Amino acid sequence: MITINCKSQLVNFDVPRVMGIINTTPDSFYQQSRHSVETEVLETAERMLAEGASFLDIGGQSTRPGSSRVSEEEERARVIPAVEAIAKHFPEALISIDTFYASVADAAIGAGACMVNDISGGTIDPALLPTVAKLKVPYILMHMQGDPQT
């Protein structure tokens, strides 16, 4: 049996789990995942949870091919209000923060997220892995060749 601890809840992976994606960036690869207004974020979160999503993944950095990287400050400004709103309206929701920036991960966990989803495998921000270790939250390590810009 494989489990992870999110917000003091053991999540069992003996069965598949669904992660709903909510992007707070205007140029995400999948247009229907883009939400910049709090009401849209909350409506999407509510629908995804009702349809059985175990996790809600909040991202503020487009990773579509050819996209431009945004700064930590811009990404934080995009994702933290969404994390806070979801955590307030759906306290049972398990929120994942999709970031490769340590400061964004730290702020998102503080705002109510319980897991870090990193497309860079810890290669973009050298402070990310030590930050995740300090936060003691589950970490999704992904692999990529190059970066979204290439």
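Owing to the predicted nature of the structure, the values given are computational and were not obtained by experimental measurement. Positions are given from 1, in the same order as the sequence printed here.
A pairwise comparison of heavy atoms in Met115 and Ile109 identifies N-CD1, 3.7 Å as the closest pair. Minimum heavy-atom separation, Leu56 to Ala45: CD1-CB, 3.7 Å.
Ile140 and Leu10 fall into different hydrophobic clusters, where Ile, Leu, Val, Met, Phe, Trp and Tyr residues are linked whenever their side-chain heavy atoms come under 4.5 Å apart, directly or through other members.
Judged purely by atom type and a 3.5 angstrom limit, Gln61 uses its side chain to pair as donor or acceptor with the backbone of Val70. A donor-acceptor contact shorter than 3.5 Å links the side chain of Asp125 to the backbone of Ala127. Proximity of a side-chain donor or acceptor of Lys7 to a complementary backbone N or O of Pro91 within less than 3.5 Å is detected. Between the Thr24 side chain and the Gly59 main chain, a donor and an acceptor come within less than 3.5 Å of each other.
Contact annotation: the side chain of Arg17 approaches that of Val11 to within less than 4.5 Å [non-hydrogen atoms, C-beta and beyond]. Put simply, the side chain of Met142 does not reach to within 4.5 Å of the side chain of Asp118, judged on heavy atoms. No side-chain heavy atom of Phe13 sits under 4.5 Å from any side-chain heavy atom of Thr3. Within the 4.5 Å cutoff, side-chain heavy atoms of Ile86 are placed close to those of Val41. Taking the side chain as every heavy atom from C-beta outward, Glu43 and Met48 never approach each other to under 4.5 Å. With a 4.5 Å cut-off on side-chain heavy atoms, Glu40 and Leu42 do not count as touching. Between Glu75 and Thr99 there is a side-chain heavy-atom pair separated by less than 4.5 Å. At a threshold of 4.5 Å between non-hydrogen side-chain atoms, the residues Val137 and Cys114 do not count as touching.
Between Glu84 and Lys88 no salt bridge is recorded (no basic side-chain N to carboxylate O distance below 4.0 Å).
Of the inter-residue distances, the one linking Glu92 atom CD with Leu49 atom CG reads 6.0 Å to the nearest 0.5 angstrom. Summarising the geometry, atom CG belonging to Leu141 is positioned 7.0 Å from atom CG belonging to Leu129; distances are rounded to the nearest 0.5 Å. Interatomic distance, Leu94 CG to Cys6 SG, rounded to the nearest 0.5 Å: 5.5 Å. Here the straight-line distance linking atom CZ of Phe55 with atom CD1 of Ile95 works out to 12.0 Å at 0.5 Å rounding.
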